[in-house]
Number of protein chains: 2
Amino acid sequence: MADQTNQHRRRLPPSARGRAQDISRDELIIGATLKLLGEVGYNALKMSDVASQAGVSKATLYRRWTAKADLVADAVATLNPFLPPDYPGTSLRDDLLALMERASTCGDRSDVVTATMEMARSNPDLYRTLSERFTTYVRREMGSLAVRAVEEGFAALSPVELDHVSETVVAFVTHLSSPASKTIPRERLIGVVDHVLTVLITGSRQSG
Amino acid sequence: MADQTNQHRRRLPPSARGRAQDISRDELIIGATLKLLGEVGYNALKMSDVASQAGVSKATLYRRWTAKADLVADAVATLNPFLPPDYPGTSLRDDLLALMERASTCGDRSDVVTATMEMARSNPDLYRTLSERFTTYVRREMGSLAVRAVEEGFAALSPVELDHVSETVVAFVTHLSSPASKTIPRERLIGVVDHVLTVLITGSRQSG
DNA sequence: TCAATACGAAACTCAAGAGTTTCGGTACTA
DNA sequence: TAGTACCGAAACTCTTGAGTTTCGTATTGA
């Protein structure tokens with residue numbers, strides 16, 4: 001599992017001679033970028049705000065990234081914490097819910113989802129990359145859930161069907177990530193799990 | 001069915017005396033706005049471009065709308081052609097596909113969907129309004145399709161279930177409206193219809 | 001006919017914000 | 001210890017684009 005994340009890193013290389021760059025500042029800058037990105041979105045994000053939020057000078061920013069778009073691209077690319085959710089394992093339903101919650105919060109940075117949509121038009125490549133990464137993550141997790149579903153006695157899903165269930169999860173997470181509410185109400189996630197995902201996986205709906 | 005669309009019209013009222021405004025220019029301006037909005041999105045949309053595209057002077061624009069946001073809001077509000085699709089009526093599947101196609105093209109202006117997402121962050125109210133209108137439209141059409149499904153012998157869907165199917169349609173349409181491709185590939189729509197919507201409505205999947 | 005307003009064209013004002021530069025000083029390396 | 005590159009702070013340049021104003025002309029209602 002090689003890391004393909006660094007493929008498109010846009011951070012400028014530090015110089016060979018002279019005083020070394022303080023690498024710990026990278027982290028501060030990326031963190032500040034993500035925080036502000038979540039709060040105000042891409043267009044309203046100001047480099048000067050990033051600098052002051054990171055406790056760093058603007059010159060330091062531009063010593064590492066040549067442009068705002070590059071910095072943001074690298075920052076968002078950092079959003080890897082697509083760790084497997086803590087599956088309660090009590091039921092398929094509960095596990096699905098756990099997955100939805102994890103996916104919709106992106107590891108505690110839910111607002112970045114809408115910020116990404118905002119960037120989509122001007123940075124289609126970046127959008128595509130993130131979108132694919134996200135889908136891949138969900139698909140992988142859904143695969144393991146599907147295995148468990150079979151163990152619970154449900155008919156197995158074909159790979160194609162699994163793809164569609166995964167896409168459904170992604171579609172709902174992005175759709176529900178409204179810029180209005182910071183977090184997706186839990187009831188809505190439950191509704192999707194009970195009335196959509198469960199139906200797709202088990203192939204039958206309960207009366208109601 | 002009163003028209004609630006004009007509720008928030010932001011166009012300035014014309015003066016009582018003096019030369020009358022040429023109302024036919026409104027149409028040109030709105031048209032140009034929608035066209036450019038689809039092409040370049042909201043942020044990159046320039047008022048001067050709208051003016052020249054409409055064959056109108058910038059002064060004329062500002063005689064009618066005080067700000068870019070207002071013009072765009074009115075323009076997007078125009079996007080009412082949420083007419084019922086031409087249902088082929090040959091099968092539930094075909095009708096679903098027709099609905100998906102209609103919804104995803106918004107009456108031939110598919111790009112506006114992604115432009116709307118771009119505006120979501122800075123204009124949450126506008127986004128909410130459009131989103132609700134869209135959902136309402138899909139929900140209404142889905143209702144009539146559900147009736148037909150019952151006639152074909154499928155178990156009836158509860159209102160709650162119908163809501164979720166409708167939301168699924170909306171989620172997929174917005175999700176598939178990538179800024180990359182102008183139109184959503186038909187195969188993808190078919191995939192969603194066959195592997196998601198049909199399953200949700202009929203409550204069973206064919207062997208995959 | 002006349003006052004009021006619309007129209008296009010084009011020059012204009014203004015604010016915001018990206019990116020740069022300078023400076024006084026610090027830290028690393030050879 | 002000399003040279004180089006780092007750092008923060010702050011002033012700076014420049015572009016972009018929204019919104020305004022002016023002017024010469026065309027309409028309209030009274």
Side-chain angles (χ1 to χ4, degrees), chain A residues 10-33 36-37 39-75 115 118-119 121-123 126, chain B residues 10-33 36-37 39-75 115 118-119 121-123 126:
Chain A
R10 313 192 190 214
R11 195 211 187 280
L12 297 172
S15 301
R17 290 197 305 284
R19 174 177 169 180
Q21 283 184 347
D22 182 351
I23 312 208
S24 73
R25 280 176 169 79
D26 283 43
E27 194 178 340
L28 294 174
I29 297 170
I30 295 286
T33 303
L36 293 175
L37 195 60
E39 286 175 9
V40 305
Y42 178 76
N43 291 298
L45 179 74
K46 287 181 278 190
M47 291 299 263
S48 49
D49 285 351
V50 171
S52 53
Q53 171 74 43
V56 144
S57 92
K58 239 181 5 156
T60 299
L61 249 56
Y62 284 100
R63 237 173 251 123
R64 288 144 215 260
W65 289 275
T66 52
K68 171 179 168 179
D70 291 342
L71 167 58
V72 174
D74 273 3
E118 192 189 356
M119 303 175 55
R121 171 80 62 161
S122 47
N123 299 60
L126 177 58
Chain B
R10 312 192 192 214
R11 192 207 188 284
L12 296 173
S15 300
R17 290 197 305 285
R19 176 178 168 177
Q21 284 185 343
D22 182 352
I23 312 208
S24 74
R25 278 175 168 81
D26 282 43
E27 194 178 340
L28 294 175
I29 297 171
I30 296 285
T33 303
L36 293 175
L37 194 61
E39 286 175 10
V40 305
Y42 177 77
N43 291 298
L45 179 74
K46 287 182 277 190
M47 291 299 264
S48 49
D49 284 352
V50 170
S52 52
Q53 171 73 40
V56 142
S57 93
K58 225 161 45 134
T60 299
L61 249 59
Y62 283 100
R63 237 172 252 121
R64 287 145 216 261
W65 289 276
T66 51
K68 171 179 168 178
D70 291 342
L71 167 58
V72 173
D74 273 3
E118 192 190 356
M119 303 174 55
R121 171 83 61 163
S122 48
N123 299 59
L126 178 57

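Every chain is numbered from 1 and lettered A, B, ... according to where its sequence line falls, protein lines coming before strand lines.
Nearest to the side chain of Q21(B), among dC7(C), dA9(C), dG19(C), sits dC7(C). The R19(B) side chain lies nearest to dA6(C) when the options are dA6(C), dG8(C), dG25(C). The side chain of R25(B) lies closest to dC7(C), out of dA18(C), dC7(C), dT5(C).
Between chain B and DNA chain D, the heavy-atom contact criterion of under 4.0 Å yields a 5' to 3' nucleotide range of dG17(D) to dT28(D).
Among the heavy atoms of the strands lying under 4.0 Å from L45(A) are primed sugar atoms or P, OP1, OP2 only; no base atom is included. At the heavy-atom level, A67(B) lies under 4.0 Å from the strands shown only through sugar-phosphate atoms.
Counting all heavy atoms, side chain and backbone alike, L28(A) lies closest to A54(A) at O-CB, 3.6 Å. Heavy atoms only, all atoms of each residue included: I30(A) and W65(A) are closest at CD1-CZ2, 3.9 Å.
The CG atom of L12(A) sits 8.0 Å away from atom CG of D70(A), with the distance rounded to the nearest 0.5 Å. One distance of note links OG1 of T66(A) with CG of L71(A); it measures 10.0 Å at 0.5 Å rounding. Rounding to the nearest 0.5 Å places CD of Q53(A) at 12.0 Å from CD1 of I29(A).
In this structure, CZ of R63(B) is placed 12 Å from P of dT5(C), rounded to the nearest angstrom. One interatomic measurement links the two molecules: CG of L12(B) to C1' of dA6(C), which rounds to 14 Å at whole-angstrom precision. Atom CG in L61(B) sits roughly 10 Å away from atom P in dG8(C) (whole-Å rounding). Rounded to an integer number of Å, the gap from NZ of K58(A) to P of dT22(C) is 15 Å. If you take CE of M47(A) and P of dG17(C), they are 13 Å apart, rounded to a whole angstrom. Atom OH of Y62(A) is separated from atom P of dG19(C) by 4 Å (rounded to the nearest Å).
If you find the closest nucleotide of DNA chain D to G18(B) and to T66(B), the one lying nearer the 5' end belongs to T66(B). Mapping A16(B) and V56(B) onto DNA chain C by nearest heavy atom places A16(B) closer to the 5' end of the strand.
Taking the side chain as every heavy atom from C-beta outward, R121(A) and Y42(B) never approach each other to under 4.5 Å.
Residues satisfying the side chain to side chain donor-acceptor pair (under 3.5 Å) criterion with S122(B), sequence neighbours excluded, are absent altogether.
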